[in-house]
Amino acid sequence: MTVEKKPRDELGQMIKEIQRNTLGDILTRTRAKFGNKVAMTYKHDQLTYAELDGLVNKTARGFLGDGLKKRRYDCSDVKKQSGLCRR
């Protein structure tokens, strides 16, 4: 079986597409499309996509303000630095 080599610029574009799919990116795009629609319901409480995106951004700014470095983290990184992530 032969593997087709992709041109460098096409590979770079594919990487950019993948990087655009972080949770923050998905929430930002969803907020733009469905901002006033209900994203979550718990008992009698509801959050719209706009409210959810705002809370996520506020939480991220809080982490950065508390010294969490700006880069991509997985759950184990956050757990080590903040103690907030539980498995």
Side-chain angles (χ1 to χ4, degrees):
M1 175 161 70
T2 60
V3 177
E4 179 187 339
K5 286 194 172 187
K6 304 257 185 212
R8 185 174 282 282
D9 58 330
E10 186 177 342
L11 184 59
Q13 183 61 34
M14 290 171 62
I15 290 169
K16 285 180 185 176
E17 295 276 329
I18 291 168
Q19 290 175 335
R20 288 187 54 231
N21 288 318
T22 65
L23 179 59
D25 295 330
I26 292 168
L27 280 173
T28 298
R29 287 194 305 270
T30 306
R31 176 186 187 155
K33 282 179 106 172
F34 308 108
N36 291 324
K37 295 198 183 250
V38 175
M40 299 175 72
T41 301
Y42 178 74
K43 295 186 180 180
H44 299 291
D45 296 323
Q46 294 183 332
L47 282 176
T48 65
Y49 285 101
E51 292 167 328
L52 178 61
D53 186 46
L55 287 172
V56 168
N57 288 330
K58 184 177 181 180
T59 302
R61 284 191 303 273
F63 282 142
L64 292 173
D66 286 342
L68 198 65
K69 301 278 188 248
K70 188 173 184 177
R71 69 174 183 88
R72 293 184 191 273
Y73 287 91
D74 65 25
C75 188
S76 61
D77 292 328
V78 175
K79 185 175 182 179
K80 287 177 200 167
Q81 293 195 26
S82 69
L84 295 176
C85 186
R86 304 278 187 256
R87 291 187 185 226

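Counting begins at 1 with the first residue of the sequence.
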query: Are I26 and F34 co-members of a hydrophobic cluster defined by side-chain heavy atoms under 4.5 Å apart?
result: no

statement: Nearest heavy-atom contact between Y49 and V38 is CE1-O, 3.7 Å

- line: One should read off an interatomic distance between E51 CD and R31 CZ, to the nearest 0.5 angstrom, of 9.5 Å

field: Heavy-atom check, side chain of L27 versus side chain of L52, under 4.5 Å
entry: yes

- request: Measure from the side-chain N and O atoms of N57 to the backbone N and O of D53, and report whether any donor-acceptor pair falls under 3.5 Å.
  value: yes

